[in-house]
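Read through the structure below, which is laid out as structure tokens, and then see the notes.
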Amino acid sequence: MIQKPKGTRDILPDEVYKWQYIEGVVRDILENAGMGEIRVPVFEHTELFSRGVGETTDVVQKEMYTFEDKGGRSITLRPEGTAGVVRSYIENGMASQATPIKLWYEMPMYRYENVQKGRLREFRQIGTEVIGTESYLADVEVISLGAKIFEALNIPNIKLNINSIGCPVCRQKYQEALRDFIRPNLEKYCDTCKTRFEKNPMRILDCKEQKCKEMNQGAPIILDYLCEECREHFEKVKSLLMNLEIPFEIDSSIVRGLDYYTKTVFEFVSEDDGLTVLGGGRYDGLIKEIGGQDTPAVGFAMGVERLLEIFEKYNKDVIEDYNMDLYIATIGEEADLFATRLVMNLRDEGVFVEKDICSRSLKAQFKYADKKKARFVLTIGEDEVKKNYAKLKDMKTGEEVETKLKAEEIFSKLFE
RNA sequence: GUGGAUUUAGCGCAGUUGGUUAGAGCGCCAGUUUGUGGCACUGGAGGCCGUGGGUUCAAAUCCCACAUUCCACCCCA
């Protein structure tokens with residue numbers, strides 16, 4: 001038996017309707033906000049991600065599915081959506097369209113990680129990108145759409161955390177200050193923190209080790225180091241969120257794992273399991289970084305598997321599956337031929353109808369109809385074909401009515 | 001990458017100090033007046049006991065390695 005690769009999942013028919021429900025709700029929300037769906041390749045040149053996402057990030061350093069293709073090119077299965085979407089924005093000259101460009105996507109992502117709760121190697125994200133505006137209004141629009149999605153899906157216990165990590169200028173000043181604060185005790189920090197010191201000192205503040213936590217008391221926080229412009233931007237984001245009555249908390253430990261973020265960053269975290277369901281922020285430097293005009297942008301991505309898991313918990317009754325309207329049971333070849341035509345006609349009318357294709361006994365056909373939750377069964381044998389009449393049985397009540405074997409009449413008996 | 005748990009029929013499981021052809025339930029298929037479902041009864045199909053080595057006269061059972069699934073760290077959606 002060849003099993004599916006580690007960290008992948010099959011989504012079976014009895015599950016896929018939940019996906020479709022969520023996707024429908026989210027699509028409506030995003031498209032009503034003017035977002036157009038975009039689909040970009042599953043794989044890109046490795047360089048797009050190493051430059052876009054950042055050489056020093058864990059995603060690039062240890063989680064990418066990278067391989068050489070037969071032409072000797074280094075190819076990577078996308079670990080996130082923004083880099084590819086932005087690449088497409090540049091490559092297709094979308095800058096010449098009405099600004100801002102608003103895009104959304106639902107695409108599978110690939111990260112070579114160890115599997116655990118809420119974490120797969122192939123997982124799907126729904127995301128948005130708003131490109132071409134540096135205004136705080138765009139940050140808030142994107143955040144409010146995130147909040148709207150949880151509301152529309154009836155998912156409670158979602159907490160919004162926001163932070164600002166400034167622009168490269170204020171961030172560098174902050175990192176210096178942070179290193180100065182840590183340096184005297186550096187030897188006493190845990191090994192992982194020591195390795196973070198040069199590469200990304202902001203992560204040290206997030207360490208779970210007790211001793212590191214203690215030493216972190218009183219560390220400088222980035223919000224005190226923001227330049228005037230970044231500070232004002234963040235203030236405006238906060239006050240508009242408050243005006244809109246979107247509750248949030250400031251969490252100065254949000255750093256985000258992708259290097260391209262600037263200024264506003266945010267996470268919607270489920271308080272049920274502590275997992276981040278939706279994360280995003282502003283990325284004013286990315287488009288220039290990968291070769292476009294210097295263009296500001298903001299967006300988010302949500303993990304659909306994570307979203308679905310919480311959704312199911314609170315919406316057990318909302319979803320009902322799509323059941324068969326009619327099953328046509330047949331006896332004999334003549335009836336089979338007749339019923340096959342009838343089924344085709346009824347399907348043309350939009351009826352969910354099945355008939356036996358296993359040449360099974362009448363009893364077995366009824367059993368099948370019952371298991372598949374057919375609302376009605378129509379039984380056709382030689383006599384029925386001759387007389388052009390048959391019995392239509394309501395599977396719930398057991399009542400039977402006579403019907404003419406005409407698609408129109410059957411249709412009206414089913415749906416009147 | 002590190003650590004813990006897990007793996008027996010389609011599914012969830014039982015399998016006792018290693019000992020003949022590995023079990024029940026649910027599900028599946030069929031039969032119980034060869035034209036009527038759910039219930040009941042009867043029967044049937046379906047297992048390289050995760051994979052590969054080793055110990056033994058003998059391994060689902062003991063040992064080792066690898067894999068899987070789940071969980072935690074790390075990190076993230």
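To find a chain, count down the sequence lines: A is the first, B the second, and so on, and within it residues start at 1.
Gly81(A) comes within contact range of no nucleotide atom at all, as no heavy-atom separation falls under 4.0 Å. No engagement by Glu267(A) is indicated, since no non-hydrogen atom pair under 4.0 Å with the nucleic acid exists. If you check every strand for non-hydrogen atoms under 4.0 Å, Ala301(A) touches sugar and phosphate atoms only.
Applying the salt bridge (Lys or Arg N to Asp or Glu O under 4.0 Å) criterion to Lys387(A), with sequence neighbours excluded, gives no partner residue. Shown here are the salt bridge (Lys or Arg N to Asp or Glu O under 4.0 Å) partners of Glu384(A), two or more places apart in sequence or in another chain: there are none. Looking at residues two or more places apart in sequence or on another chain, you find a side-chain hydrogen bond (donor to acceptor under 3.5 Å, both in side chains) between Arg51(A) and Glu47(A). For Lys6(A), there are no salt bridge (Lys or Arg N to Asp or Glu O under 4.0 Å) partners at least two apart in sequence or on another chain.
A donor and an acceptor atom never sit less than 3.5 Å apart when one is taken from the side chain of Arg111(A) and the other from the base of C75(B). With hydrogens and angles ignored, no donor-acceptor pair closer than 3.5 Å exists between the side chain of Arg119(A) and the base of C70(B).
For Ile158(A) and A77(B), the CD1 to P distance is 15 Å, given to the nearest whole Å. What separates CG of Leu278(A) from P of C76(B) is a distance of 15 Å, to the nearest Å. Atom NZ in Lys117(A) sits about 17 Å away from atom P in C74(B), given to the nearest Å. Across the protein-nucleic acid pair, Asp10(A) atom CG and G10(B) atom C1' stand 14 Å apart, rounded to whole Å. Rounded to whole angstrom, the span from the CD atom of Glu106(A) across to the P atom of A77(B) amounts to 17 Å. Rounding to whole angstrom units, CG of residue Asp272(A) and P of A77(B) are separated by 20 Å. Here G50(B) presents its P atom at 18 Å from NZ of Lys4(A), a figure rounded to the nearest Å. Regarding Phe266(A), its CZ atom lies at a distance of 16 Å from the P atom of C76(B), rounded to whole Å.
A donor-acceptor pair under 3.5 Å links the side-chain atoms of Arg375(A) to the main chain of Leu414(A), judged by distance alone. Of the possible polar contacts, none joining the Arg9(A) side chain to the Glu305(A) backbone as a donor-acceptor pair under 3.5 Å is found.
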Which pairs, protein N/O on one side and nucleotides 3-6 of chain B N/O on the other, fall under 3.5 Å?
none

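Annotation: side chain of Met94(A) is not in contact with side chain of Ile131(A) (no heavy-atom distance under 4.5 Å). Within the 4.5 Å cutoff, no side-chain heavy atoms of Lys102(A) are placed close to those of Thr128(A). Side-chain contact between Tyr89(A) and Thr295(A): present, with at least one pair of heavy atoms (C-beta onward) separated by less than 4.5 Å.
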(message) Across nucleotides 41-48 of chain B, 5' to 3', mark each nucleotide with B, S or - according to how protein heavy atoms within less than 4.0 Å reach it.
(response) --------
(message) Walk along nucleotides 31-39 of chain B from 5' to 3' and tag each nucleotide B, S or - by protein heavy-atom contact under 4.0 Å, base first, then sugar-phosphate.
(response) -B--BBBB-
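Listed pair Gln116(A) / C70(B) fails the phosphate criterion, with no side-chain N or O lying under 4.0 Å from OP1 or OP2. A close approach under 4.0 Å does not occur between any side-chain nitrogen or oxygen of Arg124(A) and OP1 or OP2 of A77(B).
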For residues 275-284 of chain A, dump all side-chain donor-acceptor pairs below 3.5 Å to protein atoms at least two apart in sequence or in another chain.
from: Arg282(A); atom 1: NE; to: Asp139(A); atom 2: OD1; distance (Å): 3.0
from: Arg282(A); atom 1: NE; to: Asp139(A); atom 2: OD2; distance (Å): 3.2
from: Arg282(A); atom 1: NH1; to: Thr133(A); atom 2: O; distance (Å): 3.1
from: Arg282(A); atom 1: NH1; to: Asp284(A); atom 2: OD1; distance (Å): 2.8
from: Arg282(A); atom 1: NH2; to: Thr133(A); atom 2: O; distance (Å): 3.1
from: Arg282(A); atom 1: NH2; to: Ser135(A); atom 2: O; distance (Å): 3.1
from: Arg282(A); atom 1: NH2; to: Asp139(A); atom 2: OD1; distance (Å): 2.6
from: Tyr283(A); atom 1: OH; to: Glu129(A); atom 2: OE1; distance (Å): 2.5
from: Asp284(A); atom 1: OD1; to: Ala297(A); atom 2: N; distance (Å): 3.3

Side-chain donor-acceptor distances from residues 26-39 of chain A under 3.5 Å, at least two apart:
from: Glu31(A); atom 1: OE2; to: Trp104(A); atom 2: NE1; distance (Å): 2.9
from: Asn32(A); atom 1: ND2; to: Asp28(A); atom 2: O; distance (Å): 3.2
from: Glu37(A); atom 1: OE2; to: Arg39(A); atom 2: NE; distance (Å): 2.9
from: Glu37(A); atom 1: OE2; to: Arg39(A); atom 2: NH2; distance (Å): 3.2

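Look at the C1' atom in both G25(B) and C71(B): the space between them is 29 Å, to the nearest Å. Atom name P, nucleotides U6(B) and G53(B): the rounded distance is 24 Å, in whole Å. For C29(B) and G10(B), the P atoms lie 15 Å apart once the distance is rounded to whole Å. Taking atom C1' on both G47(B) and A24(B), the two are 15 Å apart, rounded to the nearest angstrom. Comparing A22(B) with A77(B), their C1' atoms sit 45 Å apart, to the nearest whole Å. Only the P atoms considered, C11(B) is 25 Å distant from A5(B), to the nearest whole Å. Taking the C1' atoms as reference points, C76(B) lies 36 Å from U8(B), given to the whole Å. Between U7(B) and G52(B), the two C1' atoms lie 15 Å apart (nearest whole Å).
Residue pairs meeting the ring-ring contact (aromatic ring centres under 6.0 Å, His included) criterion with at least one member in residues 355-401 of chain A, sequence neighbours excluded: Tyr327(A)-Tyr368(A).
Here Asp272(A) pairs with Lys313(A) in a salt bridge; the nearest charged N to carboxylate O distance falls below 4.0 Å. In this structure, Asp180(A) pairs ionically with Arg183(A), as a charged nitrogen and a carboxylate oxygen lie closer than 4.0 Å. A salt bridge links Arg179(A) with Glu176(A); the closest basic N to acidic carboxylate O contact falls under 4.0 Å.
There is a side-chain donor-acceptor pair under 3.5 Å between Tyr314(A) and Asn157(A). No hydrogens or angles considered: a donor-acceptor pair under 3.5 Å links the side chains of Thr330(A) and Asp336(A).
Looking at the side chain of Lys6(A), the nearest of the listed nucleotides U69(B), C76(B), C74(B) is U69(B).
Residues of residues 31-49 of chain A having a heavy atom closer than 4.0 Å to RNA chain B: none are found.
Taking the centre of each ring, Phe248(A) and Phe266(A) stay at or above the 6.0 Å mark.
Annotated stems with RNA chain B as a participant read B:1-5 with B:69-73, B:28-32 with B:40-44, B:50-54 with B:62-66, given as range with range, by first number; only runs of 3 or more Watson-Crick or G-U pairs under 3.5 Å qualify.
Of the residues near RNA chain B, Gln125(A) and Arg360(A), the one whose nearest nucleotide (by heavy atom distance) lies more toward the 5' end is Arg360(A).
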